[in-house]
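Here the structure comes first, spelled out in structure tokens, and everything after it is commentary.
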There are 6 protein chains.
Amino acid sequence: MGGVIVTNPPKADAKDVDALAGFGVATISEAMGRTGLLGPSIRPVQQGVRVAGTAVTVLGWPGDNLMIHAAVEQCGEGDILVVTTISPCTDGLFGELFATALQHRGVRGVVLNTGIRDTQELRDMGFPGWSRAVSSQGTVKATGGSVNVPIAIDGQVVRPGDVIVADDDGVVVVPRETARESAEKSEAREAKEAATRAAFLEGQLGLDRYGLRETLQRLGVEYKTYEEYAGERP
Amino acid sequence: MGGVIVTNPPKADAKDVDALAGFGVATISEAMGRTGLLGPSIRPVQQGVRVAGTAVTVLGWPGDNLMIHAAVEQCGEGDILVVTTISPCTDGLFGELFATALQHRGVRGVVLNTGIRDTQELRDMGFPGWSRAVSSQGTVKATGGSVNVPIAIDGQVVRPGDVIVADDDGVVVVPRETARESAEKSEAREAKEAATRAAFLEGQLGLDRYGLRETLQRLGVEYKTYEEYAGERP
Amino acid sequence: MGGVIVTNPPKADAKDVDALAGFGVATISEAMGRTGLLGPSIRPVQQGVRVAGTAVTVLGWPGDNLMIHAAVEQCGEGDILVVTTISPCTDGLFGELFATALQHRGVRGVVLNTGIRDTQELRDMGFPGWSRAVSSQGTVKATGGSVNVPIAIDGQVVRPGDVIVADDDGVVVVPRETARESAEKSEAREAKEAATRAAFLEGQLGLDRYGLRETLQRLGVEYKTYEEYAGERP
Amino acid sequence: MGGVIVTNPPKADAKDVDALAGFGVATISEAMGRTGLLGPSIRPVQQGVRVAGTAVTVLGWPGDNLMIHAAVEQCGEGDILVVTTISPCTDGLFGELFATALQHRGVRGVVLNTGIRDTQELRDMGFPGWSRAVSSQGTVKATGGSVNVPIAIDGQVVRPGDVIVADDDGVVVVPRETARESAEKSEAREAKEAATRAAFLEGQLGLDRYGLRETLQRLGVEYKTYEEYAGERP
Amino acid sequence: MGGVIVTNPPKADAKDVDALAGFGVATISEAMGRTGLLGPSIRPVQQGVRVAGTAVTVLGWPGDNLMIHAAVEQCGEGDILVVTTISPCTDGLFGELFATALQHRGVRGVVLNTGIRDTQELRDMGFPGWSRAVSSQGTVKATGGSVNVPIAIDGQVVRPGDVIVADDDGVVVVPRETARESAEKSEAREAKEAATRAAFLEGQLGLDRYGLRETLQRLGVEYKTYEEYAGERP
Amino acid sequence: MGGVIVTNPPKADAKDVDALAGFGVATISEAMGRTGLLGPSIRPVQQGVRVAGTAVTVLGWPGDNLMIHAAVEQCGEGDILVVTTISPCTDGLFGELFATALQHRGVRGVVLNTGIRDTQELRDMGFPGWSRAVSSQGTVKATGGSVNVPIAIDGQVVRPGDVIVADDDGVVVVPRETARESAEKSEAREAKEAATRAAFLEGQLGLDRYGLRETLQRLGVEYKTYEEYAGERP
């Protein structure tokens with residue numbers, strides 16, 4: 001199986017990446033119309049860390065990390081490595097040695113649609129990772145694949161140069177062309193949420209703040225006392 | 001789709017809730033004849049926290065948190081919000097803004113048969129959560145459902161006003177009518193466990209303490225030396 | 001159902017166990033030709049702990065911990081209890097009372113192909129556990145099984161007396177007959193990895209260190225600029 | 001562990017059961033406001049069979065079929081046996097011998113939240129089954145449980161005497177008190193669907209029939225030509 | 001949530017679709033370098049049916065089939081409807097009424113990354129379906145989404161107008177721009193497989209036909225008699 | 001990664017294999033003390049077929065079928081090929097070409113702890129298969145492994161020459177040394193089941209036939225009328 005290693009793809013502007021780094025994954029996804037999320041099976045191996053960077057993508061073979069080696073050379077300052085395989089794989093394709101090489105190059109973290117290993121070492125060295133599994137299962141370097149081509153994880157497409165933001169809630173992908181717009185919308189959303197938070201702390205209800213009492217009524221949701229309800233149940 | 005919001009259901013007595021708060025989930029379930037547990041897929045987003053409170057229940061639509069907004073108004077001091085959806089859903093139906101509103105009202109935690117988000121913020125603000133998934137996936141507010149009706153999660157029925165106890169081991173539901181009895185049985189069980197612990201620390205075996213040598217014999221379980229066993233194996 | 005409790009099986013040499021304790025699970029598995037791992041679903045209930053010991057094996061019935069009681073008597077200094085059931089089971093077959101008894105006997109930890117409970121207590125008392133699930137679901141003591149017979153978890157055979165090493169990355173099994181050899185190979189691998197780490201920190205690439213550029217070429221993986229690649233895509 | 005066997009619970013009226021037998025599972029669930037379904041993991045072991053009957057419920061222990069033996073005596077003409085366990089279980093708790101005994105008593109089928117076995121024999125003898133798994137794993141008869149108490153499967157409560165309807169699409173539960181009402185609503189729904197089917201066959205669109213063009217507009221869903229859309233995408 | 005309905009996207013040439021219809025999913029994927037497959041969780045609801053057509057894509061909300069209604073209008077002769085949701089969903093978003101409407105318009109089948117229902121009716125009417133689940137769970141029509149935008153299922157991108165081929169082995173997507181090339185390569189592959197089949201029927205081994213004895217030797221795989229092997233095992 | 005191909009392992013006696021072929025998988029497993037089963041995730045791709053044969057085992061790499069090619073040469077009259085990989089894999093490692101080669105050699109079927117493909121062709125040619133998944137995903141031939149070494153699937157060890165029996169209920173492994181004994185016990189069990197069947201058809205209850213009324217009483221299971229039960233429930 002052949003494949004292609006694409007060099008020097010365009011990347012999102014560093015200023016936009018830094019701006020997005022200021023927001024949580026949930027906020028950014030909401031700001032993008034509730035899109036952009038990798039699924040809930042991609043979980044962090046550390047707690048309390050948020051990173052933002054530009055994607056270097058890898059499409060490899062299950063049980064094989066050859067293309068991650070090829071990808072290291074394409075990684076640089078401010079990047080985040082994003083790895084998937086052609087079919088489902090939980091093997092530990094990535095560990096401390098790769099993290100050492102990437103950290104040396106200024107890479108900010110790794111997102112794996114497979115397994116990860118050396119998790120304690122990764123936490124100790126401060127190189128954050130998100131993955132579908134934790135597994136010590138080692139790999140071979142026998143089959144080709146691609147670097148810096150568009151990949152899809154859990155129904156979400158990641159293109160090289162897109163912005164990746166990852167925290168305890170998961171991973172979101174922001175297309176590089178709309179990174180600035182997404183950062184601005186995230187800021188607006190955060191402001192709106194701050195106002196909502198303040199209102200909630202003063203006791204306002206979402207029902208009133210969002211006009212949901214009308215929604216409930218329109219949908220035919222009824223209020224009943226416990227006695228009314230209990231009386232009519234089988 | 002219609003639905004119903006039941007107001008002022010009877011709740012377990014606060015004294016019984018407090019009494020149950022003194023026991024772990026495993027102890028309470030054992031005291032209830034090994035019943036009452038939500039399944040092992042409902043996991044905490046924090047570590048080392050135990051809460052007990054009275055259930056306010058929500059039955060909503062997948063990908064929709066409208067009924068959680070309706071439920072907030074029904075929540076008060078000492079409650080725990082318990083949320084499920086009509087079909088499987090991992091979306092992040094609950095996050096920091098809801099937690100802010102609930103904490104303001106004296107609610108003690110949330111149990112979600114769906115996803116949760118803003119997990120770092122929830123830990124920071126000390127509002128504990130248990131959920132089936134962690135997901136930033138946002139929701140709509142478009143479809144009706146019910147509040148304070150009986151719901152079932154993982155084969156376990158939760159009724160409004162029942163006692164919820166949750167810790168690192170999971171979540172247990174205690175029917176409000178038997179809350180006192182369950183607390184008393186939990187206390188008895190804990191005393192019994194303390195005696196067992198002391199005996200184990202002096203070297204007694206469960207085989208002897210529980211009379212299990214007879215059980216093994218009755219069941220036909222044989223003791224063999226390694227040499228006997230190895231000699232007769234294929 | 002009958003069963004057998006095998007007494008005094010031969011065990012791996014303590015020196016070899018101690019030697020293996022010096023290496024991570026991933027290193028040992030790699031040194032053994034990428035074998036020996038229990039699958040990625042067996043996860044620790046604590047963080048940052050590594051243990052090594054000799055296996056005492058249990059084959060029990062789902063929802064039943066009778067044979068763990070039988071196994072406690074067979075456990076001693078330096079052992080690790082390894083438990084599976086005849087069919088899939090997530091119940092909490094093991095908790096703090098068992099841990100108390102085992103810790104008293106010098107046992108170093110437990111690996112369960114089922115659920116575990118009392119996780120906070122286990123962390124507090126420093127008795128480490130690895131399991132497929134966390135569950136408070138209690139058990140009965142009604143059905144026979146076996147102790148110290150070969151068992152298989154996730155496609156990996158564990159025999160009594162084999163060495164178990166477990167850390168944040170999972171669990172590896174080293175056959176007792178090859179424990180020394182595996183320790184030596186692990187040491188060699190660690191030395192090799194140290195050299196690689198140093199090289200990576202000086203900027204060398206895996207592509208060059210492992211001669212992978214030739215592999216890529218042989219496999220037909222091509223390098224293209226982004227412009228070349230974008231130009232030929234649909 | 002004790003338990004209770006409840007004798008002679010009230011059952012849904014046979015006429016209502018027969019009426020419900022005329023409708024598919026999806027139709028009945030829709031008629032009940034999209035409720036009543038056991039989840040999608042409960043699948044038939046045969047194709048093209050629909051049955052309706054009154055529930056005899058079993059709550060047993062994983063890996064143990066003692067309570068199914070107890071339940072057989074409680075089963076009679078027109079019943080459907082519905083079995084769950086206190087915790088997840090895939091073992092083959094039910095096979096051809098049970099089916100022989102039940103068929104002899106006029107029982108119409110079985111629904112298992114566990115495994116089933118002898119599937120070819122069940123098909124040959126015309127005794128239909130729905131289950132979470134197919135498994136030959138045999139069981140013991142060692143632990144108590146209950147018969148004809150309310151049970152919950154996948155978030156759906158089943159009470160003894162409720163109507164069970166099962167077909168290729170799954171299993172629906174109709175509370176006995178509302179069986180007639182549900183049959184009538186199902187009939188109404190089927191009539192409505194027949195009209196819709198006729199309209200669709202003449203080319204009418206759901207968009208028009210259900211007034212959904214306004215919904216799309218209100219929600220801000222826009223129509224664009226491919227050229228417009230392609231032109232503004234990154 | 002807004003969204004977009006894209007009208008009149010370009011489609012693969014009908015001749016190429018017909019050519020691809022002559023090959024199995026596995027053959028086409030192999031011919032495309034082992035790419036293009038939706039994952040193994042997407043299964044047919046019938047047996048022995050193969051279809052090929054051009055994709056009309058739908059991105060909807062979980063538990064909501066509004067956008068399928070919108071998509072029907074965009075479907076025509078030779079199309080296959082391909083549906084996913086913004087987050088995981090097993091509900092029965094598609095059934096016999098939709099199939100009636102689509103069959104009337106010349107649509108050849110449906111692929112759902114969700115649940116499907118009315119499976120017996122679909123088989124009876126000869127409208128084939130592939131889905132992640134079978135579920136009677138009904139839906140609402142309350143939330144917007146998109147039609148004829150690129151979607152991703154299981155890591156595979158599907159664009160409107162791409163060729164979908166589906167059979168008992170699963171579903172493959174062929175980009176419309178390379179449909180002809182893929183058909184030609186599939187034909188070449190089938191010819192090659194026919195030659196291999198003939199050789200195998202004459203007793204030739206893959207080891208010899210593909211030159212794999214050298215591969216085994218290069219990889220260090222050794223041949224041993226059972227006696228040699230048994231003698232050196234622990 | 002090296003590996004070993006073991007030639008000419010001893011095999012179970014053909015007479016014993018034929019004897020076992022007369023019994024269902026469930027019967028044989030019961031006769032062996034409810035052991036020997038591969039788990040419920042290994043499912044047939046056809047219906048109504050039972051085969052028995054001697055195991056030729058393969059341990060390969062995920063996404064790689066090199067070792068199946070090596071195994072073909074080791075397969076002969078009356079064998080069944082049993083394949084697993086070093087870590088979880090759903091790829092279609094086996095299809096019609098392999099089946100052609102194996103059928104030519106007198107092999108009776110295949111059991112895969114991975115994916116299978118060409119399922120319609122396999123049914124057409126009468127070569128039966130059991131697998132964890134159906135997948136068209138193709139493979140490479142790049143990494144070594146072993147043939148005719150002991151492997152483990154779902155906690156069950158399979159050794160070369162063991163008897164494999166597979167039918168609609170799943171797959172059971174009978175150690176070659178105890179094949180005759182297992183056949184005899186299966187025959188005894190079938191006779192016993194025939195007597196039970198006859199008794200059940202005359203209306204006897206398992207409760208009486210197996211003396212379970214005493215068991216229920218000993219376990220404290222009580223009989224209550226519905227009125228008694230309903231009266232004491234919350």
Side-chain angles (χ1 to χ4, degrees), chain B residues 24-44 47-50 165 167-172 193-194 196-213 215-230 232-233, chain C residues 1-10 45-47 63 65-74 90-92 95-105 115-124 131-150 160-161:
Chain B
V25 165
T27 298
I28 295 170
S29 170
E30 287 280 355
M32 292 165 62
R34 294 179 196 124
T35 64
L37 293 169
L38 272 60
S41 299
I42 308 286
R43 300 295 305 136
Q47 202 172 79
V49 174
R50 185 199 294 161
V165 185
D167 64 16
D168 287 1
D169 285 355
V171 181
V172 68
E193 288 191 351
T196 302
R197 191 177 300 111
F200 281 6
L201 283 172
E202 289 178 3
Q204 196 185 14
L205 289 169
L207 281 184
D208 297 310
R209 188 167 184 83
Y210 303 127
L212 298 175
R213 293 195 194 275
T215 306
L216 291 173
Q217 198 164 21
R218 176 171 57 81
L219 293 167
V221 178
E222 296 178 275
Y223 281 82
K224 294 188 181 175
T225 63
Y226 179 76
E227 289 69 27
E228 289 172 322
Y229 177 72
E232 66 195 30
R233 282 194 80 211
Chain C
M1 176 176 120
V4 60
I5 298 167
V6 179
T7 57
N8 294 314
V45 301
Q46 65 289 317
Q47 201 171 80
N65 69 6
L66 172 62
M67 297 315 295
I68 302 184
H69 281 288
V72 169
E73 193 177 24
Q74 307 305 319
T90 59
D91 298 343
E96 173 262 339
L97 282 177
F98 274 131
T100 299
L102 290 180
Q103 203 173 43
H104 178 77
R105 300 174 79 87
I116 196 170
R117 55 180 176 169
D118 304 331
T119 50
Q120 185 57 47
E121 290 81 354
L122 294 178
R123 285 187 289 265
D124 288 346
S131 70
R132 181 168 299 273
V134 174
S135 169
S136 293
Q137 180 63 50
T139 55
V140 293
K141 305 175 201 336
T143 303
S146 294
V147 174
N148 275 337
V149 301

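Reminder, nothing fancy here: chain letters follow the sequence lines and each chain counts from 1.
- Not one N or O on the side chain of Asp169(B) forms a donor-acceptor pair closer than 3.5 Å with the backbone of Val134(C).
- Contact of Leu37(B) with chain C is made through the side chain alone, with heavy-atom distances under 4.5 Å.
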Check your understanding: Should Glu121(C) and Arg197(B) be marked as a salt bridge (charged side-chain N to carboxylate O under 4.0 Å, His left out) after you check the CA-CA gap, both sets of side-chain angles, and the distance that decides it?
Key -> CA-CA 13 Å; Glu121(C) 290 81 354; Arg197(B) 191 177 300 111; over 6 Å; no
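- A donor-acceptor distance shorter than 3.5 angstrom exists from the side chain of Arg34(B) to the backbone of Thr139(C), with no hydrogens or angles considered.
- Counting heavy-atom pairs closer than 4.5 Å to chain C, the top-ranked of the candidates Val171(B), Leu205(B), Thr27(B) is Leu205(B).
- Across Asp208(B), Thr215(B), Leu212(B), a single residue satisfies side-chain contact (heavy atoms from CB on, under 4.5 Å) together with His69(C), and that is Leu212(B).
- At a 4.5 Å heavy-atom cutoff, the contact between Glu30(B) and chain C is made by side-chain atoms alone.
- In terms of heavy-atom pairs under 4.5 angstrom with chain B, the leader among Asn8(C), Asp118(C), Val45(C) is Asp118(C).
- The minimum heavy-atom distance between Ala70(C) and Leu216(B), with the atom names listed, is CB-CD1, 4.0 Å.
- Taking all atoms of both residues into account, the shortest heavy-atom contact from Phe200(B) to Leu97(C) is CD2-O, 3.3 Å.
- Remark: Gln204(B) pairs with Arg209(B) by the side chain to side chain donor-acceptor pair (under 3.5 Å) rule, at least two apart or across chains.
- Among residues two or more places apart in sequence or in another chain, the side chain to side chain donor-acceptor pair (under 3.5 Å) test is passed with Asn148(C) by none.
- Rounding to the nearest 0.5 Å places OG of Ser136(C) at 6.0 Å from CG of Asp167(B).
- At a 4.5 Å heavy-atom cutoff, the contact between Arg43(B) and chain C is made by side-chain atoms alone.
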